Number of protein chains: 2
Amino acid sequence: MFDANTLASSHVPEHATAEIIPIRPVEPCNPTRPATTRCSSCSMRSICMPADLSADDLSKLDAVICTTRAVKRGDTLYRAGDHFKSIYAIRAGSFKTVVMHRDGREHVTGFEIAGDALGFDGVCAGQHNCDAIALEDSVVCIIPFAQLEIICREVKSMQHHIYQMMSGEIVRESVQMMLLGTMSAEQRVASFLLNLSRRFKTRGFSAAEFNLRMTREEIGCYLGMKLETVSRMFSKFQREHLVRANGKTVRIVDPERLAKV
Amino acid sequence: MFDANTLASSHVPEHATAEIIPIRPVEPCNPTRPATTRCSSCSMRSICMPADLSADDLSKLDAVICTTRAVKRGDTLYRAGDHFKSIYAIRAGSFKTVVMHRDGREHVTGFEIAGDALGFDGVCAGQHNCDAIALEDSVVCIIPFAQLEIICREVKSMQHHIYQMMSGEIVRESVQMMLLGTMSAEQRVASFLLNLSRRFKTRGFSAAEFNLRMTREEIGCYLGMKLETVSRMFSKFQREHLVRANGKTVRIVDPERLAKV
DNA sequence: CGAAAACTTGAGGCCACTCAAATGGAGTGG
DNA sequence: CCACTCCATTTGAGTGGCCTCAAGTTTTCG
């Protein structure tokens with residue numbers, strides 16, 4: 001088996017593997033064997049698809065989502081301006097989405113990890129609105145949107161699920177706008193760490209300790225501050241025994257007090 | 001006829017009516033007659049519905065969207081936590097959407113005017129995520145979401161249109177995140193004015209002169225700055241002959257230079 | 001292993017905030 | 001219609017948080 005969990009774990013650096021605790025059993029990764037990409041047997045299904053699909057519905061999905069794509073660290077899955085054709089479910093790895101202003105200014109609009117979907121921004125204008133860049137070697141399921149629309153006309157729960165996913169993105173973005181509009185640098189970094197923690201936990205990893213796949217600069221660009229400020233906040237939290245940060249490895253020591261910052 | 005244009009115009013304060021130039025003919029408003037709310041005859045249709053609906057499709061829409069609701073200035077259309085049942089198309093007037101943090105901090109996530117849709121944030125969790133508050137006496141079309149989903153399974157172009165609207169909201173929010181994350185106070189206010197201008201123009205009003213329905217404080221809360229700073233930027237633009245602002249009345253004198261700020 | 005990239009920390013400056021006061025405008029009641 | 005009140009807006013003065021610039025250290029990766 002070659003599922004998302006296996007891959008995700010296989011990309012954790014050696015020195016940190018012991019700290020990351022997958023709840024689901026981890027099976028050995030066999031990269032020589034072609035990926036069997038079927039929603040019906042995917043361990044990410046509970047995260048990226050509705051729960052109540054029948055066997056019949058699942059076979060429809062399997063017929064549509066039959067290809068995956070590997071994206072190497074630093075490569076783009078799509079760029080702003082690219083023709084929109086598919087959305088992508090992250091099977092393994094992680095991405096950042098970046099919007100660019102005409103004057104060259106960049107802003108990171110989100111970090112997406114295994115189980116997240118990418119690409120809904122392209123439906124509106126028929127072309128993507130941001131760059132999606134892999135933060136590590138990653139694998140995505142390719143979901144042709146036209147075919148997904150057909151399924152959604154046939155399967156009510158799929159239809160509703162897609163609406164929920166898009167609505168969820170709207171809600172997450174509005175929360176992020178509040179963060180950017182009203183919070184201090186200290187509060188933003190605290191929120192960021194707790195948010196990542198919660199998402200890792202949902203996916204069966206440790207909520208307390210994890211590895212950041214993004215640089216301080218990328219975090220800063222996401223939170224609307226400079227990389228030096230991010231670094232200072234990490235140091236501050238460390239001094240206050242809220243967090244232990246060692247480079248990319250982060251341990252949240254006191255989540256309650258961190259939330260109250 | 002009792003359409004959105006008529007209403008919108010009827011709410012423009014007397015002293016400003018002459019400045020606002022509707023492109024479509026304005027018909028007299030007759031508030032004693034019940035509103036005939038039919039998509040098939042609504043002048044906002046080109047803004048809030050797909051262009052290529054057949055007569056048959058339109059009659060399906062008319063069967064679903066049969067009620068409107070008047071919301072007085074300052075009243076809420078819905079609140080965060082309210083059970084989600086419908087989305088709303090603004091027929092006349094304008095709204096702000098506000099998210100609130102546990103600690104009482106508020107952030108304005110958007111200003112919506114006639115032709116815009118409201119409420120997609122509720123699909124995700126089955127309850128609304130923000131408050132929608134009328135900035136002036138307004139009228140919305142109520143669109144029960146469950147029934148809209150049924151239409152979307154039957155009418156391909158409606159299905160696609162809803163996806164486009166939600167995607168559009170995702171894109172607008174990501175642009176706003178960039179604004180909040182990377183721009184100076186001066187640039188934010190300039191973007192805000194140009195954005196409003198463009199939207200008024202799309203709806204057949206003057207791009208150069210319009211009335212703000214929101215206070216400086218609400219603008220500041222939307223742009224992530226204090227009301228005093230908003231006021232200072234207005235004054236600054238006035239000194240530089242980019243904008244003429246007199247209270248709520250704004251005239252954009254030099255849009256090109258304003259865009260380059 | 002070596003070069004490049006990422007990270008940390010310090011010093012000083014600037015933009016937006018806070019606090020304060022005066023002015024203007026809208027709505028209300030006599 | 002006017003006086004009054006309340007809220008919104010403008011403007012000024014001073015402060016502080018985050019940015020800029022810089023140097024040194026650590027980590028990553030070919």
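By convention in this document, chain letters (A, B, ...) are assigned in the order of the sequence lines, proteins followed by strands, and residues within each chain are numbered from 1. What you see is a predicted model; the values in this text were computed from it and never measured.
Straight-line distance from the CE atom of Met214(B) to the P atom of dT9(D): 11 Å, rounded to whole Å. The NZ-P distance, from Lys236(A) to dC18(D), rounds to 10 Å in whole Å. Regarding Leu223(A), its CG atom lies at a distance of 14 Å from the C1' atom of dC18(D), rounded to whole Å. Atom CD of Glu218(B) and atom C1' of dA8(D) are 11 Å apart (whole Å). For Ile219(B) and dA8(D), the CD1 to C1' distance is 12 Å, given to the nearest whole Å. Atom-to-atom, CD of Glu136(A) to C1' of dC29(D) comes out at 16 Å; the value is rounded to the nearest Å. Here dC7(C) presents its C1' atom at 7 Å from CZ of Arg216(A), a figure rounded to the nearest Å. Between the P atom of dG17(D) and the CG atom of Leu180(A) lies a distance of 20 Å, rounded to the nearest Å.
Judged by a 6.0 Å distance limit and a 45° cone about the ring axis, Arg213(A) is not positioned over the six-membered ring of Phe111(A).
Checked for salt-bridge contact, Glu240(B) and Lys236(B) meet the test: a charged N lies under 4.0 Å from a carboxylate O.
Contact between the side-chain N/O atoms of Lys248(B) and the OP1/OP2 oxygens of dT9(D) is found at a separation under 4.0 Å.
Not a single donor-acceptor pair, N or O on each side, falls under 3.5 Å between the base of dT28(D) and the side chain of Arg73(A). Between the side chain of Arg232(B) and the base of dG12(D), at least one donor-acceptor pair of N or O atoms lies under 3.5 Å. Interface remark: the Glu228(B) side chain does form a donor-acceptor pair with the dC19(C) base, using a distance-only criterion of under 3.5 Å. Side-chain atoms of Arg239(B) and base atoms of dT10(D) include no donor and acceptor less than 3.5 Å apart.
In this structure, Thr229(A) and Met233(B) both approach DNA chain C, and ranking their closest nucleotides by distance from the 5' end singles out Thr229(A). When each of Gly247(A) and Gly224(A) is assigned the nucleotide of DNA chain D bearing its nearest heavy atom, the one mapping closer to the 5' terminus is Gly224(A).
Among residues two or more places apart in sequence or in another chain, the salt bridge (Lys or Arg N to Asp or Glu O under 4.0 Å) test is passed with Arg199(B) by Asp116(B).
Between Thr182(A) atom OG1 and Asp103(B) atom CG the span is 7.5 Å, to the nearest 0.5 Å.
Using a 4.0 Å heavy-atom cutoff across all strands shown, Ser235(B) reaches sugar-phosphate atoms only and no base atom. Nucleic acid contact for Gly74(A): none, since no nucleic acid atom lies under 4.0 Å from a heavy atom of the residue.
When distances are taken from the side chain of Leu227(A) to each of dA16(C), dA8(D), dT8(C), the shortest belongs to dT8(C).
Using bins of under 30°, 30° to 60° and over 60° for the plane-to-plane angle, the ring pair Phe200(B)/Phe205(B) lands in the perpendicular bin.
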